[in-house]
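Here the structure is laid out as structure tokens; the discussion comes afterwards.
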Amino acid sequence: MDYREIDRKWQKAWDESRIFESDVSGKEPYMVTVAFPYVNAPQHIGHMRVYGTADVLARYKRMRGYNVLFPMAFHATGTPILAFAKRLKNNDKDLIAELKLFHIPDSEIAQMTDPLYIANYFVKEIENGMHRAGYSIDWRRKFVSIDPFFSKLVEWQFGILNSKGYLVKGKHPVGWCPNENNAVGMHDTKKDVEPDIEKETAIKFKVDGEDSFILCATYRPETVFGATNIFISEASKYVSCKIDGKGNYYLSKAAAQALKFQFNVEETSEISGSDLLSKRCINPSTNAQMPIFPGFFVDEGIGTGAVMSVPAHAPFDYVAIERLRKDGKALDIKPVKVIEMPANGVSEFAKAAARQDYFDMPALAYIELFKTGDSEDAALESATKLQYREESHYGKMMISGYEGMAEPEARERISKELLSGDKAIEIYVLANSPVFCRCGYNVVVKVVDNQWFLNYGNQEWKAKAKEAFSGIVILPEKSRKAFEAAIDWIDLRAVARSQGLGTRFPLDSEKIIESLSDSTIYMSFYTISNLIRDVPVESLKQEFFDYVFLNKGDAAKVSASTGIDFQLVKRCRESFDYWYRMTSRHSGPDLIFNHLTMYIFNHATIFDKPYWPKQIVVNGSVLSEGEKMSKSLGNIVPLVDAIEKYGADVLRSMVVASADLFSDSEFSEVAARGIDERFRYINDMAEKSGSMESGELRHIDYWLYSRINRKIKSATVQIERLELRGFSTGVIYDSILELKKYLARGPPNGIVVRDYLSSLVLLLAPIAPHISEEIWHMMGNAGFSSLEKWPSPDESMISDKIEAEEELLESVISDSKQVVSLMRKGGKEPKSIRLIVAEDWKRVLNNELSGSRSIKSVMEKINNAEEAARLKIGDGDREKAINYVQQLAKKINAVKPSVSTQEEEYNLLSGAREYLSESLSCSVSIELEAHSDSKRASNALPQKPGVDVVT
RNA sequence: GCAGGGGUGGCAGAGCCUGGCCAAAUGCGACGGGCUUAGGACCCGUUUCCUUUAGAGGAUGCAAGAGUUCAAAUCUCUUCCCCUGCACCA
């Protein structure tokens with residue numbers, strides 16, 4: 001069996017028969033869409049998870065009789081492709097190495113300095129990979145998000161959003177490269193670090209006798225009540241400046257430079273750090289006089305280059321004051337405690353901080369307890385972090401007006417009060433500074449003016465989105481909460497960028513629509529993309545989309561004003577109306593907080609209710625040999641390589657079906673081998689089954705029928721919920737165990753095996769379509785298994801009884817083996833084994849006990865002659881019956897009702913006698929308890945025949 | 001910090017919603033045996049501890065602790081730990 005050959009054979013057959021090209025019909029529609037791939041890299045096996053899962057659903061629904069559409073397009077908007085081209089221009093070695101990993105020839109790489117060339121190349125590459133993976137895609141509908149005709153849809157969409165007032169203008173902080181003069185995201189930084197922007201409160205400390213302020217940035221404005229002095233960097237340059245035309249503020253020159261990206265900063269004079277030391281300030285919250293001291297730890301580049309000193313709550317401040325004291329300075333500075341920890345604090349540190357001896361200096365507690373072999377700065381750093389964290393967690397304010405308030409709440413309140421009282425301003429800082437742009441420059445925070453946002457915070461819109469969301473089936477159901485959180489959380493989203501590929505922003509033609517915002521309703525485009533491919537782009541006017549997607553206006557007028565053929569206009573409307581009624585959307589969990597949420601919002605406001613999303617499926621990722629795939633680990637496996645090596649179906653089963661939706665699946669050599677072996681086994685059995693004789697149905701044949709029908713039933717429930725792990729375990733693994741068990745029971749019955757395999761092969765079709773087709777054909781069927789009807793269970797063939805009886809045989813064997821092995825230990829060799837079938841009155845008692853779970857009532861029945869007769873307990877059996885019930889008393893909860901009668905059990909064992917003696921390598925005889933002279937006879941229980949090993 | 005998900009035997013991973021048949025499926029690994037010239041494949045058995053020459057009994061056990069219950073991996077509470085996301089970026 002050569003997977004490669006089978007893959008090619010059936011892919012070709014599918015293509016030639018165009019079975020995945022779907023058009024409007026009388027059947028129920030089912031449309032499956034996946035977050036389209038970004039065309040700046042070839043696919044690796046990780047991509048197979050989401051596309052493969054979607055394909056499994058598409059293939060399953062097709063077999064369920066739906067008219068399934070699985071389209072695909074490509075994403076090329078935004079900056080990554082530009083960045084890619086730029087990196088290649090600069091001969092970026094890492095990128096070239098990555099491309100080589102995917103076997104991209106040098107001649108191609110040489111041409112990849114052109115963004116469009118890159119996009120085209122990867123479009124082809126990815127399409128080829130998807131084709132070889134066997135996805136049932138209708139390729140006629142493909143498009144790229146930078147195609148002009150697609151831009152028309154985006155323009156139309158933004159026209160609607162604007163008319164609803166959802167586009168707003170405002171300020172926004174971004175990571176910024178002063179050298180390249182553009183916004184910097186994760187993709188643009190060295191080591192791919194996301195610039196982490198945080199807000200800080202910069203408090204104004206009035207300088208005594210001057211009309212100016214010292215500006216101190218802090219994360220903990222609530223500690224301003226404990227501020228005793230100010231620290232500056234003695235050796236640094238400071239400036240006095242106006243910020244946005246207001247005030248005279250002292251801050252470090254470095255800080256002033258950085259703040260120019262956030263405010264209009266006018267420097268009016270320069271002053272050295274040491275000259276500042278002679279000034280005094282006033283604490284805006286306590287009106288206390290505060291001296292200015294040099295602080296050994298103050299960095300001119302961080303914050304404002306000036307720090308408000310809170311020695312009670314900041315270890316660095318405390319130590320700086322101590323050092324000054326040693327030099328006879330700052331003698332009158334006393335720490336002021338403003339946050340109290342509970343006396344029974346949870347950590348050692350917190351407990352100490354609350355102790356009397358550290359009464360007003362909790363910082364000291366942290367410092368002392370953190371004294372390690374580390375450098376002092378490192379220890380102080382750790383102490384600071386912990387104190388900050390613990391005070392946030394457990395601390396309560398001691399300041400009147402805020403007494404007892406938890407610190408985070410106080411922080412927010414006090415910050416707001418300072419800001420509204422004009423006692424502070426808000427600045428942005430880079431929390432993970434320094435971050436380097438790829439060009440080598442330090443990234444700063446810039447506040448971008450005139451930024452356009454989509455206002456997802458709009459209450460009306462949010463309410464609509466929630467309404468739409470309530471009607472969506474989320475798989476797996478447990479990710480529903482994440483969506484709810486996302487819908488609540490999403491607020492303003494910047495929507496225009498100054499660079500990148502994509503559609504121009506209608507309200508500012510200098511800008512490009514941001515690349516997640518331009519792809520929130522693109523799935524609707526699939527319904528018409530194949531129809532309008534040759535229509536002149538200019539004709540795709542607003543009224544065309546209004547008619548097609550919103551049913552506004554009429555086709556004749558639209559045709560007249562746009563010049564698009566009347567019939568075509570109507571067909572577009574019909575196509576959208578047909579397909580968009582049932583859609584399933586697929587992606588990874590990383591898109592919940594952006595794309596998928598935006599998808600819901602945009603659909604809710606643009607489309608009418610019948611076309612709102614119906615289902616969203618979120619799946620986990622793929623680990624490679626237990627590790628996350630990453631460039632640095634060098635364990636990225638190109639998709640086409642893996643298909644070549646293992647075959648599409650083994651790979652699909654491993655990547656798509658070996659884990660449940662939410663968990664990561666694992667790609668490994670061992671797993672591949674396991675699946676491969678099982679596929680081969682099924683294939684071999686199918687081959688052999690052709691020549692198997694058929695005969696009358698035996699117990700074990702009914703058993704196999706019961707199993708397969710039960711499997712069809714459970715597998716259908718599982719695939720419906722995309723619980724693919726359970727599904728594939730049942731279909732691939734368990735079914736083989738069942739077949740083996742069946743074969744061990746004697747010569748197989750051809751018709752039964754063939755029926756079993758036929759169902760199995762169809763169940764396998766969604767995950768392993770190529771092999772399914774191959775075996776389906778081998779077994780003499782015409783047509784494609786991909787188009788066969790999904791098997792439906794025959795409930796009448798599902799039998800608990802038959803399955804329980806087969807289990808009985810297994811337990812008889814294992815019981816007997818255990819006895820035999822005990823005998824052998826004692827040096828005795830078994831000659832034969834007598835199996836004794838329990839009498840019917842025991843069965844009756846089992847049923848009574850398992851029903852009532854009451855020893856007492858059953859005993860009463862036995863002792864009552866009439867009842868006993870009804871229960872068919874003869875007078876001679878009464879004594880035995882009482883003993884029996886007493887024997888079961890201990891395990892009353894484990895007593896099960898009896899499934900078969902004495903006669904049935906006897907027949908079962910007799911029928912399986914050959915199998916039993918073979919399994920036990922010993923001759924076996926069956927007898928009834930009533931007629932048995934074995935001393936073990938009374939041990940016989942219903943479902944558990946007595947075993948007498950004769951030596 | 002906030003939000004979401006999780007913690008099960010050597011490993012992976014079911015079970016948890018709907019408590020009892022759970023010393024816990026299945027796969028992998030390991031060990032012993034069979035088959036084989038040999039290896040692979042395949043087949044059988046073992047894989048928490050103790051006891052047991054009759055199919056068994058007992059102890060411990062599903063992150064830790066407490067609770068509910070006749071009965072807890074499963075329900076409730078507390079604590080600890082891990083993963084993911086926190087935006088203008090695809």
Side-chain angles (χ1 to χ4, degrees), chain A residues 35 37-38 40 75-81 83 172-175 183-188 192 194-197 346 388-389 392-393 408 448 451-454 456 476-486 488-497 500 514-517 519 589-595 597 620-621 623 626 628 658-660 662-664 666 668 670-671 673-675 677-678 680-681 725-726 729-730 732-734 737 740 744 811-812 814-828 850 891-896 919 921 936 939 944-949:
Chain A
Y38 198 83
N40 67 344
H75 199 195
T77 46
T79 51
I81 293 186
H172 185 68
V174 293
V184 176
M186 194 163 76
H187 301 284
D188 314 308
D192 282 349
E194 178 77 46
D196 190 0
I197 296 167
V346 286
Y388 184 10
R389 195 171 77 210
S392 286
H393 214 145
V448 184
Q451 174 60 280
W452 283 96
F453 296 94
L454 261 177
Y456 289 111
E477 173 63 28
K478 66 178 156 196
S479 49
R480 188 162 204 102
K481 281 187 182 164
F483 277 94
E484 283 166 3
D488 277 332
W489 160 88
I490 195 169
D491 194 14
L492 292 175
R493 183 174 177 101
V495 79
R497 293 204 61 167
E514 181 270 322
S515 60
L516 284 183
S517 301
S519 30
D590 48 331
L591 296 190
I592 293 178
F593 277 81
N594 45 55
H595 167 72
T597 300
S621 57
L623 302 178
K628 211 170 171 172
S658 70
D660 278 327
F662 215 66
S663 357
D664 293 339
E666 179 145 14
S668 77
V670 179
R673 204 174 61 217
I675 294 164
E677 278 162 12
R678 282 162 181 88
R680 285 179 196 281
Y681 184 87
R725 185 192 156 85
T729 308
I732 302 178
Y733 293 84
D734 295 347
L737 293 179
K740 286 184 177 174
S811 63
V812 164
S814 93
D815 284 353
S816 305
K817 278 185 177 172
Q818 196 176 342
V819 175
V820 167
S821 87
L822 282 171
M823 309 243 17
R824 290 218 171 100
K825 263 195 199 168
K828 293 180 208 160
S850 66
K891 304 181 244 177
I892 178 103
N893 289 311
V895 174
K896 281 179 284 185
S919 303
S921 330
R936 308 268 173 210
N939 288 354
K944 195 171 168 60
V947 176
D948 188 357
V949 178

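In this entry the distance linking CG of A:D488 with P of B:C2 reads 17 Å, nearest Å. Going from atom CG of A:D491 over to atom P of B:C2 covers 21 Å, rounded to whole Å. As a whole-Å value, the separation of A:L591 CG from B:A87 C1' is 13 Å. Rounded to whole Å, the distance from CZ on A:F662 to P on B:G13 is 15 Å. Separating the CG atom of A:L516 from the P atom of B:C86 is a distance of 12 Å, rounded to the nearest angstrom. For A:D590 and B:G4, the CG to P distance is 19 Å, given to the nearest whole Å. Note: NZ (A:K481) to P (B:C2) measures 17 Å, nearest angstrom. Atom C1' of nucleotide B:A14 and atom OH of A:Y733 are separated by 14 Å, given to the nearest angstrom.
Here B:C2 sits opposite B:G85 as a Watson-Crick or G-U wobble pair (both hydrogen-bonding atom distances under 3.5 Å). Of all nucleotides present, none satisfies the Watson-Crick or G-U wobble test against B:U68 with each distance under 3.5 Å. Of all nucleotides present, only B:G27 satisfies the Watson-Crick or G-U wobble test against B:C11, with each distance under 3.5 Å. Pairing of B:G32, defined by two Watson-Crick or G-U wobble distances under 3.5 Å, is identified with B:C44. Applying the Watson-Crick and G-U wobble criteria (two distances, each under 3.5 Å), B:U60 pairs with nothing in any strand.
Residue contacts for A:R480: at a heavy-atom cut-off of 4.0 Å it reaches no nucleic acid atom on any strand shown. At the heavy-atom level, A:R673 lies under 4.0 Å from the strands shown only through sugar-phosphate atoms. In this structure, A:Q451 reaches neither bases nor backbone, as no heavy-atom distance under 4.0 Å exists between it and the strands shown. Across all strands shown, A:H595 has no heavy atoms under 4.0 Å from either base or sugar-phosphate atoms. Within 4.0 Å of A:N40, counting heavy atoms only, lies no atom of the nucleic acid at all. Within the nucleic acid shown, A:G946 comes within 4.0 Å of at least one base atom, counting heavy atoms only. A:I592 comes within 4.0 angstrom of nothing in the nucleic acid, heavy atoms only. A:F453 comes within 4.0 angstrom of no nucleic acid atom, judged by non-hydrogen atoms across all strands. Among the protein residues, A:P945 comes within range of the nucleic acid bases, having at least one heavy atom under 4.0 Å from a base atom.
Nucleotides B:G13 and B:U84 have their P atoms positioned 15 Å apart, rounded to a whole Å. Nucleotides B:A63 and B:U8, compared at atom P, are 7 Å apart to the nearest Å. One C1' atom belongs to B:U26, the other to B:G9, and the distance between them is 14 Å to the nearest Å. Straight-line distance between the C1' atoms of B:A73 and B:C17: roughly 14 Å, to the nearest whole Å. Across the P atoms, B:A24 and B:C81 are found 33 Å apart, a figure rounded to whole Å. Going from the P atom of B:G27 to that of B:C77 covers 37 Å, rounded to whole Å. Atom P of B:C88 sits at a distance of 39 Å from the matching atom of B:C75, rounded to the whole Å. Across the P atoms, B:G34 and B:U48 are found 24 Å apart, a figure rounded to whole Å.
Minimum atom distance to the side chain of A:K944 is reached by B:G55, of the listed B:G4, B:A54, B:G55. Candidate nucleotides B:A14, B:G45, B:C88 were compared by shortest atom distance to the side chain of A:K817, and B:G45 ranks first. Nearest to the side chain of A:R497, among B:G55, B:C89, B:A54, sits B:C89. The side chain of A:S663 lies closest to B:A14, out of B:C88, B:U26, B:A14. For A:V949, taking side-chain heavy atoms from C-beta onward, the closest of the listed nucleotides B:A3, B:G27, B:A54 is B:A54. Each of B:C28, B:C88, B:G27 was ranked by its minimum atom distance to the side chain of A:L737; first place goes to B:G27. Taking every side-chain heavy atom of A:H172 into account, B:C88 is the closest of B:A90, B:G85, B:C88.
Counting only heavy atoms from C-beta outward, the side chains of A:F453 and A:D491 never approach each other to under 4.5 Å. Residues A:L492 and A:Q451 are not in side-chain contact: their nearest non-hydrogen atoms beyond the backbone lie 4.5 Å or more apart. You'll find the side chain of A:H75 reaches within 4.5 Å of the side chain of A:T77, heavy atoms only. At a threshold of 4.5 Å between non-hydrogen side-chain atoms, the residues A:L454 and A:E514 do not count as touching.
Contact check, A:R680 against B:C42: no side-chain N or O comes under 4.0 Å of OP1 or OP2. Look at A:K740 and you'll find a side-chain N or O under 4.0 angstrom from OP1 or OP2 of B:C43. Contact between the side-chain N/O atoms of A:T729 and the OP1/OP2 oxygens of B:U26 is not found at any separation under 4.0 Å. Contact check, A:T79 against B:A90: a side-chain N or O comes under 4.0 Å of OP1 or OP2.
For A:V174 against A:I197, the heavy-atom pair with the smallest separation is C-CD1, 3.5 Å. Of all the heavy atoms in A:S479 and A:F662, the pair that sits closest is CB-CE1, 3.6 Å.
For the atom pair CD of A:E677 and CD1 of A:I732, the computed distance is 12.5 Å after rounding to the nearest 0.5 Å. In this structure, CG in A:N939 is found 9.0 Å from CG in A:D948, a value given to the nearest 0.5 Å. To the nearest 0.5 Å, the span separating CD on A:E666 from OG on A:S621 amounts to 11.0 Å.
Judged purely by atom type and a 3.5 angstrom limit, A:S668 uses its side chain to pair as donor or acceptor with the backbone of A:A671. Within the 3.5 Å criterion, the main-chain N or O of A:R725 finds a donor-acceptor partner in the side chain of A:D660. With hydrogens and angles ignored, the 3.5 Å screen pairs a side-chain donor or acceptor of A:T597 with a backbone N or O of A:I592.
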Is there any protein nitrogen or oxygen under 3.5 Å from a nitrogen or oxygen in nucleotides 6-8 of chain B, and what are the pairs?
| from | atom 1 | to | atom 2 | distance (Å) |
| --- | --- | --- | --- | --- |
| B:G6 | OP1 | A:K478 | NZ | 3.2 |

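Comparing A:V812 and A:G674, the nucleotide of RNA chain B nearest to each residue sits closer to the 5' end for A:G674. Mapping A:Y38 and A:D734 onto RNA chain B by nearest heavy atom places A:D734 at the nucleotide closer to the 5' end.
In terms of polar N and O atoms assigned as donor or acceptor, the side chain of A:R725 never comes within less than 3.5 Å of the base of B:A14 in a complementary pairing.
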